[in-house]
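Small disclaimer: the values here were computed from a predicted structure and weren't measured.
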Amino acid sequence: MENEYGGRLILGTGAVTAKRDGTDPAGEADASVQWLLQPRGTAQLRGPQNFDRSIRKGIRLAEYEHVLGTHAEQLKEIFPDGVARLWGATPVKKETHPKGTALRKQKVGDEVLFYAEKSFIAKARVLGLLRNPELARAIWGELKDGRTWEHIMALGDISEFRIPAAPILSALKLHKEVRHLTLVRAAERRRQLGLLNELLSGQEPAGGSASVGDRPAPPTKLGREELLRALGTLDADAPGEGYTRYGSLTLLWAIGRLVSGQRRLVPWDVFDHEVGPLLLDFGDRDAGVTPEVAFRHVQRSRVWESEGIADEGGGPAPAEDIAKPGAAAGLTPEAAKLLQQPLTRAEAIGLLCTSYLPDVDQDALLTRVGLAGYASASGAADADVENEGSGDESPGDGRRRRVNSTRPERDPRLVEKIKLLYRQKCQVCGLQLETRFSHYSEAAHIQGLGAPHEGPDKISNLLCLCPNHHVQFDKLFLFIDEDWNVRRSRDGELIGTLIRHPEHPIDERYVEYHRGLCGRGRYSLGSD
């Protein structure tokens with residue numbers, strides 16, 4: 001019978017009801033269980049982030065009460081703790097498409113195999129099925145054509161691993177990749193269960209600091225995840241704290257050169273002239289680390305390379321090597337390409353500053369290396385250009401001069417809209433600050449409008465805050481985690497849950513950007 005569930009939530013009944021731990025009530029040989037091969041989605045579609053939030057951590061139902069509709073009570077029945085693991089699929093234009101068949105024929109009790117990067121990475125059982133465009137749009141947004149992931153599966157406990165997909169796909173006579181939701185009938189699943197279990201038996205169980213499902217295959221090239229993890233573990237093999245401090249200063253300097261369009265690799269004399277004073281002013285003078293060590297030390301991290309210099313295991317390079325023609329060092333081409341991306345660059349800068357340089361005047365440091373503006377959410381101060389020879393200077397101690405000032409344009413209607421929506425109450429603390437005749441609040445951009453952030457002036461990039469929390473948010477003292485909790489950047493301590501109005505769609509991309517600036521991005525050490 002076709003699964004025409006429309007707006008209803010289909011719950012498991014009888015023998016096909018899957019347990020929350022993902023096991024069959026009748027054992028693995030349950031004849032009715034099918035496989036649903038489900039792509040996790042690419043980074044462009046925020047697949048990794050959505051998987052982490054919607055499946056690993058789960059969706060807090062209380063935050064989506066306004067769009068749950070008739071599904072509210074039944075979802076609470078499936079997830080009595082209030083945290084739901086949900087995954088969605090977009091509708092198809094042609095019902096004859098294999099994905100259309102999967103959407104019609106899927107049922108409660110089926111087993112979902114998640115696919116990413118030529119591997120199967122996780123499995124879970126379907127506990128319920130629903131169709132709810134409003135809920136999907138609130139959780140995951142929508143595509144450019146307006147479609148959203150409205151065919152939603154409520155899933156049981158997740159089991160993570162990483163096994164190659166090719167053997168199973170080949171045995172199923174499918175394409176080499178899983179490009180859309182694909183149904184594997186129960187009989188075919190039973191024939192291939194042995195192969196799946198064989199592949200799983202050769203894997204480590206998920207656990208430790210990162211689950212097996214998180215671990216990439218041995219990397220052939222540097223990706224965003226590997227880059228940020230490398231930056232977050234500079235101290236893993238460092239002989240001492242001074243090495244790590246010098247390494248992070250060196251990398252910030254290199255990122256500054258990248259932003260300003262300068263050469264990636266530099267000879268020793270340029271490095272010594274520019275980085276030497278930087279290390280002297282912001283480094284640990286008692287560590288005994290020299291610029292010669294910094295010239296090559298971070299090469300261990302896969303983001304740095306040197307040319308024409310003998311490998312001395314990260315120690316000081318011989319003077320005759322670093323000074324000879326052709327000797328140079330700098331970011332690898334792969335690292336430089338990744339750091340051209342605004343979000344990755346913001347996360348990298350925040351990670352380096354927070355992890356290794358917490359006691360440094362970061363505003364002064366970042367300005368010094370050409371990264372002015374990354375020390376605050378609003379960006380660099382407005383650029384003032386003097387009108388030379390204007391003749392408008394006034395005598396005395398308080399004399400003035402006329403300047404031309406450039407700053408991003410802001411739509412005052414958006415400011416009024418966000419304040420009206422929250423009735424001037426702060427989204428962090430709920431304070432409604434009284435004035436003589438009214439109330440006062442401030443509109444804060446999540447991803448700043450100023451350079452280098454270049455955030456948009458949209459309601460989805462705005463918060464309504466009291467003056468105190470606006471300053472703390474702007475100065476990166478506060479960040480918003482993936483569950484919409486407000487926390488302190490330095491230690492992750494919970495301050496409260498961000499107050500959100502149902503008619504205020506906050507774009508998670510801007511929140512992620514601000515979180516990266518705070519050094520609390522997804523791959524940051526100690527991130528929650």
| field | F479 side chain near L517 side chain, heavy-atom distance below 4.5 Å | value | no
| query | Salt bridge between E134 and R137, side-chain N to carboxylate O under 4.0 Å? | reply | no
| request: Drop me the distance from L476's CG to S376's OG, to the nearest 0.5 angstrom. | output: 6.5 Å
| query | Just wondering, do L36 and L183 contact through their side chains at under 4.5 Å, heavy atoms? | reply | yes
| said: Closer than 3.5 angstrom, by distance alone: can the side chain of D110 be matched with the main-chain N or O of V126 as a donor-acceptor pair? | reply: no
| request: State which residue, out of Y115, F120, F114, fulfils the side chain to side chain contact (heavy atoms under 4.5 Å, CB included) condition with Q38. | output: F114
| field | Atom of L181, atom of L103 and distance for their closest heavy-atom approach | value | CD2-CD2, 3.7 Å
| request: Could you grab the distance from atom CG of L463 to atom NE2 of H504, nearest 0.5 Å is fine? | output: 6.0 Å
| What are the two closest non-hydrogen atoms of L462 and Q427, and how far apart are they? | O-OE1, 4.5 Å
| Smallest separation among heavy atoms of P48 and G41, with atom names | CD-O, 3.9 Å
| remark: Value for CD (E150) from CD (E142), rounded to nearest 0.5 Å, stands at 11.0 Å
| message | Test your reading of the model: is there a side-chain donor-acceptor pair from H501 to the backbone of E503, 3.5 Å cut-off? | response | yes
| query | Quick one: do the T250 and W304 side chains pair a donor with an acceptor below 3.5 Å? | reply | no
| Which atom of L155 lies closest to which atom of F79, heavy atoms considered | O-CE2, 3.4 Å
| field | K458 side-chain N/O to D507 backbone N/O, donor-acceptor pair under 3.5 Å | value | no
| query | Thinking salt bridges, do E482 and R53 make one under a 4.0 Å N-O criterion? | reply | no
| query | In terms of heavy-atom contacts, does CD of E65 have more than 12 from other residues, nucleotides or ligands at under 6.0 Å? | reply | yes
| request: Give, for atom CD1 of I255 and atom CZ of R345, the distance between the pair rounded to the nearest 0.5 Å. | output: 8.5 Å
| said: Would you say that L37 contacts L174 through its side chain, given a criterion of any heavy-atom pair below 4.5 Å between the two side chains? | reply: yes
| query | When you measure from the side chain of S355 to the backbone N and O of L352, does any donor-acceptor pair fall under 3.5 Å? | reply | no
| request: With the side chain counted from C-beta on, respond yes when L135 and H71 share a heavy-atom pair under 4.5 Å apart, and no when they do not. | output: no
| task | Determine the minimum heavy-atom distance between V511 and W484, stating which atoms define it. | result | CG2-CZ3, 3.9 Å
| said: Between H445 and Y510, is the ring pair (Phe, Tyr, Trp, His ring centres under 6.0 Å) condition met? List the steps. | reply: CA-CA 9 Å; H445 284 89; Y510 310 137; 9.7 Å; no
| said: Less than 4.5 Å apart, side chain to side chain, heavy atoms only: is that true for L193 and W35? | reply: yes
| message | Looking at R264 and E305, is any side-chain nitrogen of the basic one under 4.0 Å from a carboxylate oxygen of the acidic one? | response | yes
| remark: Distance col, row Y356:OH vs L351:CG, nearest 0.5 angstrom, shows 6.0 Å
| remark: One should read off an interatomic distance between L265 CG and T332 OG1, to the nearest 0.5 angstrom, of 9.5 Å
| task | Using a strict 4.0 Å threshold on nitrogen-to-oxygen distance, state whether R515 and E508 make a salt bridge. | result | no
| query | Would you call Q192 and E188 a side-chain contact if the rule is heavy atoms closer than 4.5 Å? | reply | yes
| remark: Tightest non-hydrogen contact, residues L75 and A154, listed as CD2-CB, 4.4 Å
| request: Taking T354 for its side chain and C518 for its backbone only, find out whether a donor-acceptor pair lies under 3.5 Å. | output: yes
| Test item: I139 and S54 side chains (from C-beta on) under 4.5 Å apart, heavy atoms | yes
| query | So do L343 and R224 actually touch side chain to side chain, heavy atoms under 4.5 Å? | reply | yes
